[in-house]
Amino acid sequence: MTIRVIIVDDQAMVRAGFAALLSAQSDIDVVGEAPDGRKGVEVSRTVHPDVVLMDVRMPEMDGLAAARELLSPPVGVIHLPKVLMLTTFDVDDYVYEALRAGASGFLLKDAPPADLIAAVRIVAAGEALLAPSVTRRLIADFAQRRPAPRTDRSQRLRGLTPRETEVLELIARGLSNLEIAGRLVVAEQTVKTHIGRVLSKLGLRDRAQAVIFAYESGLVTPGDAPA
């Protein structure tokens, strides 16, 4: 199956470079591009891509606003692409909000070409591009700025089993599936099953949103050491 991609970035050279790289892959087809978020939303709703590569900072409409438009569309719009944010900074102020809006992760613009190709495939497959090391940096950046736990989030935690709650906590601390399996002394496939149930019960799209939910619910707080 071919992955349909559009590239939204205000720099023509960046769009051209990414398009050339991705189009050279047998399983990826670049079906459109746009110089700003507003045009990106228009192109996406016209060509229905699987993945949108979205720059964070652009004129007219930035990547955050565009991601919100794409992932929370008006009534009648049923196409929901995966959104992969592109940033020039290791942890950008906009990234946290983009993940809350439903973006599937973020990638540095200066990442190696192989990482970009892999990122598109990972996101297209429905996974979140939020490696444990990135999770830890993101946590350090946003958790210290968050307000008091949100009551609605805390109440939704009650629907999880004790083991599912434990898995969610470990995800939020930046542990990989393999590390969680080792901590709980279970098979990695069992961890994946628990994660799937956590996401389903909480109505979350992916691992990225699970991390944010854990902090916003008060399940995990900055500076806590793993149990």
Side-chain angles (χ1 to χ4, degrees), residues 2-25 28-113 115-124 126 128-130 134 137-138 141-142 145-147 204-206 208-209 211-212 216:
T2 301
I3 302 168
R4 295 165 57 82
V5 177
I6 68 170
I7 302 166
V8 185
D9 193 290
D10 61 335
Q11 298 181 50
M13 290 288 286
V14 171
R15 296 198 306 273
F18 284 176
L21 176 65
L22 294 174
S23 295
Q25 311 307 308
I28 300 176
D29 186 13
V30 177
V31 295
E33 61 177 67
D36 61 65
R38 192 175 307 284
K39 292 251 176 42
V41 171
E42 294 174 2
V43 172
S44 179
R45 289 183 178 159
T46 299
V47 303
H48 295 170
D50 299 303
V51 177
V52 177
L53 289 179
M54 182 79 74
D55 188 19
V56 170
R57 294 175 175 171
M58 294 179 290
E60 296 296 326
M61 176 186 283
D62 65 26
L64 174 58
R68 284 176 174 152
E69 289 251 355
L70 290 174
L71 299 170
S72 298
V75 176
V77 176
I78 59 175
H79 176 66
L80 287 177
K82 301 294 193 305
V83 176
L84 177 59
M85 306 300 295
L86 298 169
T87 177
T88 54
F89 301 96
D90 198 7
V91 175
D92 191 291
D93 287 342
Y94 287 105
V95 170
Y96 171 76
E97 295 299 334
L99 293 175
R100 286 194 68 216
S104 294
F106 69 95
L107 185 72
L108 295 178
K109 279 190 176 182
D110 61 358
D115 286 3
L116 174 63
I117 296 167
V120 168
R121 290 171 176 153
I122 289 169
V123 169
L129 189 72
L130 202 61
V134 175
R137 292 199 303 272
L138 187 60
D141 181 67
F142 76 67
R145 304 195 307 265
R146 302 324 300 165
L204 306 174
R205 288 169 61 99
D206 52 37
Q209 288 198 322
V211 171
I212 292 169
E216 290 191 333

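The residues of the chain are indexed from 1 along the displayed sequence. Bear in mind the structure is a predicted one, so any value in this text is a computation, not a measurement. In what follows, every heavy atom counts, from backbone to side chain, and hydrogens, waters and symmetry copies are set aside.
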Set of residues satisfying salt bridge (Lys or Arg N to Asp or Glu O under 4.0 Å) with respect to Arg68, sequence neighbours excluded: Glu97
Give every donor-acceptor pair under 3.5 Å between a side-chain atom in residues 6-18 and any protein atom, sequence neighbours left out.
unit_1 : atom_1 : unit_2 : atom_2 : d
Asp9   : OD1    : Gln11  : N      : 2.8
Asp9   : OD2    : Lys109 : NZ     : 2.8
Arg15  : NE     : Glu33  : OE2    : 2.9
Arg15  : NH1    : Asp9   : O      : 2.7

side-chain contact (heavy atoms from CB on, under 4.5 Å) involving Ile122 - partner list, sequence neighbours excluded: Glu127, Leu129
Minimum-distance pair of heavy atoms, taken over all atoms of Val51 and Val120: CG2-O, 4.0 Å
side-chain contact (heavy atoms from CB on, under 4.5 Å) partners of Ala24, counting only residues at least two apart: none
Under the side-chain contact (heavy atoms from CB on, under 4.5 Å) test, residues paired with Pro73 that sit two or more places apart: Arg45, Val77, Leu80
Backbone of Ile3 reached by a side-chain donor or acceptor of Arg121 within 3.5 Å: no
Euclidean distance, Ser23 OG relative to Ile28 CD1, rounded to 0.5 Å: 8.5 Å
Ala119 to Leu107 - nearest heavy-atom pair and separation: CB-CD2, 4.0 Å
Residue list, salt bridge (Lys or Arg N to Asp or Glu O under 4.0 Å) with Lys39, at least two apart or on another chain: none
For Arg38, all residues meeting salt bridge (Lys or Arg N to Asp or Glu O under 4.0 Å), sequence neighbours excluded: none
Short side-chain to backbone donor-acceptor contact, Asp50 and Arg4, under 3.5 Å: yes
Worked check of side chain to side chain contact (heavy atoms under 4.5 Å, CB included) between Leu22 and Ile117: CA-CA 7 Å; Leu22 294 174; Ile117 296 167; 4.2 Å; yes
Over all atoms of both residues, closest heavy-atom pair of Leu71 and Gly102: CD1-C, 3.2 Å
Those residues that, when tested against Glu69, pass side chain to side chain donor-acceptor pair (under 3.5 Å) (two or more places apart): none
Shortest non-hydrogen contact from Leu64 toward Met85: N-CE, 4.2 Å
With His79 via side-chain contact (heavy atoms from CB on, under 4.5 Å) - residues at least two apart: Ser44, His48, Pro49, Pro81
Interatomic distance, Leu86 atom CG to Phe106 atom CZ [nearest 0.5 angstrom]: 11.0 Å
CG on Asp62 to CG on Asp36, rounded to 0.5 Å: 10.5 Å
Closest heavy-atom pair and its distance - Met54, Ala66: CE-CB, 3.5 Å
Exercise: identify the closest heavy-atom pair between Ser104 and Val123: CB-CG1, 3.8 Å
